[in-house]
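Residue numbers count from 1 along this sequence. Side chains included, hydrogens not; waters and symmetry mates left out as well; all remaining heavy atoms used.
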Amino acid sequence: MAKDCDFADAMLLCRNWDEFADLHTPALWQYFPAFKWFAWSGNRMTEEVISRGCVPFFVDVTAEDLTTHNRMSRITQRTLAAKQIVIEARKIVCAYMKRNCAASRRFIQCMLLDRGELMILVRDGRTGKIVVVPDEDDRWLRRRIPGFMCPEPVLFDQSLPDHFPFIEITNPVHVLQNGGMLPSLLNDEANSLHKTLLPDKPVNADDAISDDEDSAWESDDGAGNNGARIWDAVRAKDPKVRAEKRALIRKLDFESVQLRIPISKLTKIMSSQEIMERDRSYIFKETFHLSDLETGAATKYDVSTRLVRSVQRFVPDTPKLDWPWFCIELLNWMNLRLRYKDCNVEPLKPWPHRYMAQDITQAFVTMALFFPNGSEFKSSPLFDPLERSKHRRYCRTRTRNRFRPASFWSEIEGLKAQSNNRKPMSELYPLEWSILARSTVAKLYRGGAPGPAPFSPEPQICPRYVIVNTEPHRPDGPDVSIQYNWKREDFMEGMPANYVDYADWPDLTSKIRPFATAHPNARFSLLKLWSAPRFYPIMLQTPSRLMTAFLGTADRAMEWKFLPKDMPASEWSIHNSVRLRLECLRQAIMSVSDAEIAAASQKAAAERRAKEEAEARVAAEIVAAAEAAEAAKMGGKKKKRREKEKKDKKSWWDKKYEREKAKNDADEKRRADEKWHYGQCELDERADHRGDLILVMGTDELDFLKWSTAVMFAIQAKPWFREVDLWKSFVHVDVVFVEGLDRYWLGYERPEETGDIRGRSLLSTRLKAERFWD
């Protein structure tokens with residue numbers, strides 16, 4: 001029977017995977033000596049593929065024969081039209097896998113991680129749905145370069161849908177990118193479907209995807225109907241309310257504010273950009289905290305979030321309306337309104353939008369927690385700043401490569417010298433490194449912060465490696481860092497005009513004592529923006545992610561979706577983000593429009609250019625006089641030789657190009673500074689920042705509450721995914737407490753600045769040999 005068929009025919013008779021395994025095992029060991037079975041049992045690649053749970057039915061490995069490179073002595077339009085420079089093809093393996101199997105899902109996950117080495121497409125054989133597919137630019141089997149002068153490449157995406165969710169990848173960012181529908185729209189469709197199919201059965205509050213009200217008010221603030229009750233009490237026509245407050249309500253358009261809007265109506269009145277930004281903020285926050293690997297960070301964040309929401313939910317029987325009026329007056333002081341019909345889609349603008357009342361409420365409640373009568377939850381360690389200041393975070397610091405000593409990279413440099421681009425680094429990594437690095441990268445990947453990079457994991461393409469080492473403040477706690485090459489010349493050349501070096505950041509302590517001397521009842525806050533130990537909450541665009549790619553200990557190329565702290569410019573990026581947000585607050589307080597800022601910028605630029613041109617004319621006259629005097633002394637051949645040297649050195653067009661380039665560079669260098677040269681504001685005296693640490697000062701408790709609430713409101717406004725970490729902040733403290741803090745809490749990170757000057761590497765710890773920092 002076996003000699004009259006082959007393995008493929010016999011496989012069709014198998015009714016399940018167990019029978020296939022019973023057939024494959026004897027065939028693998030050549031139990032059937034027929035000639036037709038040798039092609040299956042003697043194929044090494046087939047055996048390896050089947051051992052991973054795949055049953056191949058089509059294999060094409062002739063890609064190397066089809067891939068060609070034509071050398072041309074002269075490249076012209078005619079030669080390119082007649083012959084392609086490069087013809088590239090890919091190997092193809094089509095196989096069956098067991099459905100709903102843990103081994104199959106694990107295999108697909110591993111293939112997705114090796115995105116730079118291969119592409120995988122998965123189709124459900126029962127339903128016919130595509131569950132995994134490569135990116136649109138990678139869906140080709142054969143292509144010709146240059147592609148715009150040649151026939152279309154051979155693609156396989158002619159009948160594929162736009163989005164391909166893979167349910168095993170559950171991090172929020174991946175779901176947002178591949179889900180095909182925003183969460184708000186999905187909730188609306190789910191609620192509509194529930195009402196249509198089950199009109200008599202109400203939605204269970206515990207099982208419902210979302211309430212029938214504005215999910216942004218419910219889930220973000222936690223205030224719900226209780227918080228809206230207080231605002232409704234403000235809106236009520238109470239005869240005790242004075243005429244000034246009534247006029248203020250009309251000015252801020254509070255009568256038109258809708259605090260409880262059904263999702264079905266909200267999705268109709270809001271644009272897709274507004275819905276996307278609001279939904280993205282929830283998704284990003286979830287991803288940030290899933291990727292926060294600091295011990296106890298998730299518990300602390302949950303405690304602080306529950307505290308804020310509990311206070312917002314709590315409404316006494318006879319609520320006082322002092323704090324809603326405080327928020328209304330604060331918005332009026334910032335020249336903002338409670339209701340805007342349109343949303344500003346510009347990423348750098350925190351307002352206007354439809355959630356002004358929710359944002360100002362959350363900012364006020366968060367700051368009011370730290371006042372004596374602001375909360376009944378004072379037993380929490382969150383309200384003991386003195387005790388918190390005694391314990392430094394036991395996790396890796398945000399110190400970047402430019403501040404690391406040379407000894408920090410000695411082990412990885414030794415491994416690179418041994419490899420010499422010939423031997424894979426994964427074979428040279430110590431076992432201790434691989435255990436810690438692979439588990440750390442895997443947890444970050446599950447959270448959604450990094451993802452597979454779309455290129456081959458070769459050192460020539462991605463010369464950035466993972467390293468495991470210790471830091472001075474915890475010599476026995478190794479952690480993972482990434483070695484990004486840093487050269488000051490290349491680094492400074494690509495920096496924008498408004499770059500502020502770390503050495504030029506302001507010293508916050510220099511402003512505290514003079515302010516406290518002038519105001520005896522002064523209160524202070526040190527607000528720390530939330531960030532994970534390894535990245536900042538700054539989203540990276542797709543082209544920028546390639547610069548953050550690194551090679552792990554498993555020879556996989558990974559790229560960051562958010563700004564990693566090991567990057568050389570990461571400290572400036574978060575410093576500039578805070579600066580721009582405070583400048584938006586300054587612009588609102590001064591009630592300056594964008595047109596007025598542009599006019600002031602143009603005026604300052606014109607004055608500067610006129611001054612530079614006058615200085616250039618004077619310098620040119622001096623140089624011309626010196627050259628004329630020198631030419632008078634020179635004669636005959638010397639003069640001709642000098643003129644010829646000048647002509648050969650640089651032409652007139654080259655000099656003009658250099659002058660224009662220098663002028664444009666100077667304009668770009670000053671444009672960022674001129675943008676904010678439209679006057680001084682009281683904010684300059686009350687708030688300052690150093691990186692992601694913001695100092696807020698108030699003359700007394702009420703003044704401090706006003707300024708701290710305004711700063712909190714500006715920081716946490718649109719796009720709504722930046723938060724203040726209350727566990728790393730110190731709110732409502734005096735000058736003695738601030739001056740007694742360790743420099744680590746004041747925005748200093750270098751070892752010599754915080755008093756840490758020694759540490760041990762992981763290899764040195766393993767070898768029981770101590771190593772000192774430079």
Original post:
Between the main-chain N or O of P564 and the side-chain N or O of R534, is there a donor-acceptor pair closer than 3.5 Å?
Top reply: no
Original post:
Would you find a donor on one side and an acceptor on the other, under 3.5 Å apart, between the side chain of D359 and the backbone of M356?
Top reply: no
Original post:
Does some side-chain heavy atom of T305 sit less than 4.5 Å from a side-chain heavy atom of R309?
Top reply: yes
Original post:
Taking atom CG of L293 and atom CZ of R396, what is their separation to the nearest 0.5 Å?
Top reply: 11.0 Å
**OP:** Measure the CZ-OG distance between R400 and S481 for me, rounded to the nearest 0.5 Å.
**Re:** 12.0 Å
Subject >> Taking every non-hydrogen atom, the tightest pair across L705 and A368 >> reply: CD1-N, 4.5 Å
Original post:
Shortest non-hydrogen contact from M712 to T366?
Top reply: CE-CG2, 3.9 Å
Subject >> Sequence-distant partners of R686, salt bridge (Lys or Arg N to Asp or Glu O under 4.0 Å), two or more places apart >> reply: E682, D703
Subject >> CA sep, side-chain torsions, deciding dist, call: M558, F550, side-chain contact (heavy atoms from CB on, under 4.5 Å) >> reply: CA-CA 6 Å; M558 306 290 289; F550 61 93; 3.7 Å; yes
Original post:
Are R579 and N576 close enough that a side-chain donor and a side-chain acceptor fall under 3.5 Å?
Top reply: yes
**OP:** First locate atom CG of L527, then atom CG of L695, and finally report the distance between them rounded to the nearest 0.5 Å.
**Re:** 8.5 Å
Subject >> Option passing ring pair (Phe, Tyr, Trp, His ring centres under 6.0 Å) with F713 (candidates W351, F364, W707) >> reply: W351
**OP:** Check salt bridge (Lys or Arg N to Asp or Glu O under 4.0 Å) between E723 and all other residues, then give those that pass, not counting sequence neighbours.
**Re:** none
Subject >> Considering all heavy atoms, the nearest S573-L563 contact >> reply: CB-CD2, 3.4 Å
**OP:** With the side chain counted from C-beta on, respond yes when Y484 and T548 share a heavy-atom pair under 4.5 Å apart, and no when they do not.
**Re:** yes
**OP:** Before giving the answer on ring-ring contact (aromatic ring centres under 6.0 Å, His included), spell out for F284 and F562 the whole-Å C-alpha distance, their side-chain angles and the decisive distance to 0.1 Å.
**Re:** CA-CA 10 Å; F284 278 7; F562 307 100; 5.3 Å; yes
Original post:
Passes side-chain contact (heavy atoms from CB on, under 4.5 Å), D566 versus N401? Steps please.
Top reply: CA-CA 6 Å; D566 289 318; N401 295 3; 4.1 Å; yes
Original post:
Does S729 reach the main-chain N or O of D725 with its side chain, forming a donor-acceptor pair under 3.5 Å?
Top reply: yes
Subject >> Heavy-atom closest pair, residues D292 and P533 >> reply: OD1-CD, 3.1 Å
Original post:
Is a donor on one side and an acceptor on the other found under 3.5 Å between the side chain of T709 and the backbone of K706?
Top reply: no
Original post:
Any side-chain heavy-atom pair from E559 and P452 closer than 4.5 angstrom?
Top reply: no
Subject >> Test item: I694 and L529 side chains (from C-beta on) under 4.5 Å apart, heavy atoms >> reply: yes
**OP:** Say whether K443 and S291, considering side chains only, have a donor N or O and an acceptor N or O under 3.5 Å apart.
**Re:** no
**OP:** Give a yes or no answer on whether the side chain of R586 reaches the backbone of D684 with a donor-acceptor pair at less than 3.5 Å.
**Re:** no
Original post:
With sequence neighbours excluded, what pairs up with R464 under the salt bridge (Lys or Arg N to Asp or Glu O under 4.0 Å) test?
Top reply: none
Subject >> Test item: R722 and W530 side chains (from C-beta on) under 4.5 Å apart, heavy atoms >> reply: no
**OP:** Can you see which heavy atom on A687 is nearest to which on V711, and at what distance?
**Re:** CB-CG2, 4.4 Å
**OP:** Please report the C-alpha distance between H689 and V578 in whole Å, then the side-chain angles of each, then the deciding distance to 0.1 Å, and finally whether the side-chain contact (heavy atoms from CB on, under 4.5 Å) criterion is met.
**Re:** CA-CA 8 Å; H689 70 104; V578 177; 3.8 Å; yes
Original post:
Quick one: are E701 and H732 in side-chain contact, heavy atoms under 4.5 Å?
Top reply: yes
Original post:
How far does CE of M697 sit from OG of S708, to the nearest 0.5 angstrom?
Top reply: 12.5 Å
Original post:
Are K718 and Y355 in a cation-pi contact, defined as NZ or CZ under 6.0 Å from the six-membered ring centre and within 45° of the axis?
Top reply: no
**OP:** Check whether any side-chain N or O of K565 sits under 3.5 Å from a backbone N or O of A532 as a donor-acceptor pair, and report yes or no.
**Re:** yes
Original post:
Do R354 and E274 meet the salt-bridge criterion of a basic N to acidic O distance under 4.0 Å?
Top reply: yes
Original post:
Any side-chain donor-acceptor pair under 3.5 Å between Y499 and D504?
Top reply: no
Subject >> Check: V724 main-chain N/O paired with Q716 side-chain donor or acceptor under 3.5 Å >> reply: yes
Subject >> Verdict with supporting geometry, Y536 and F288, side-chain contact (heavy atoms from CB on, under 4.5 Å) >> reply: CA-CA 9 Å; Y536 288 112; F288 293 158; over 6 Å; no
Original post:
Okay, side chain of R690, backbone of P506: is any donor-acceptor separation there less than 3.5 Å?
Top reply: yes
Original post:
Quick check: does any side chain N or O of S304 sit under 3.5 Å from a backbone N or O of K300, one acting as donor and the other as acceptor?
Top reply: yes
Original post:
What residues, two or more places apart in sequence or in another chain, satisfy side chain to side chain donor-acceptor pair (under 3.5 Å) together with K528?
Top reply: D692
Original post:
Side chains of R280 and P719: closer than 4.5 Å at any heavy-atom pair?
Top reply: yes
Subject >> 4.5 Å side-chain heavy-atom contact, H353 and W720 >> reply: yes
Original post:
Do you know which two heavy atoms are closest between G747 and Y502, and how far apart they sit?
Top reply: O-OH, 3.9 Å
Original post:
Going from CD on E571 to CD1 on I574, what distance comes out if it is rounded to the nearest 0.5 angstrom?
Top reply: 11.0 Å
Sequence neighbours left out, cut at 3.5 Å: what donor-acceptor pairs do the side chains of residues 326-335 make with other protein atoms?
| from | atom 1 | to | atom 2 | distance (Å) |
| --- | --- | --- | --- | --- |
| N332 | OD1 | K251 | NZ | 2.9 |
| N335 | ND2 | A588 | O | 2.9 |
| N335 | ND2 | I589 | O | 3.0 |

Original post:
Hey, what do you get for CD1 (I360) to CH2 (W323), rounding to the nearest 0.5 Å?
Top reply: 10.0 Å
Subject >> Partners meeting salt bridge (Lys or Arg N to Asp or Glu O under 4.0 Å) with R306 (sequence neighbours left out) >> reply: D302
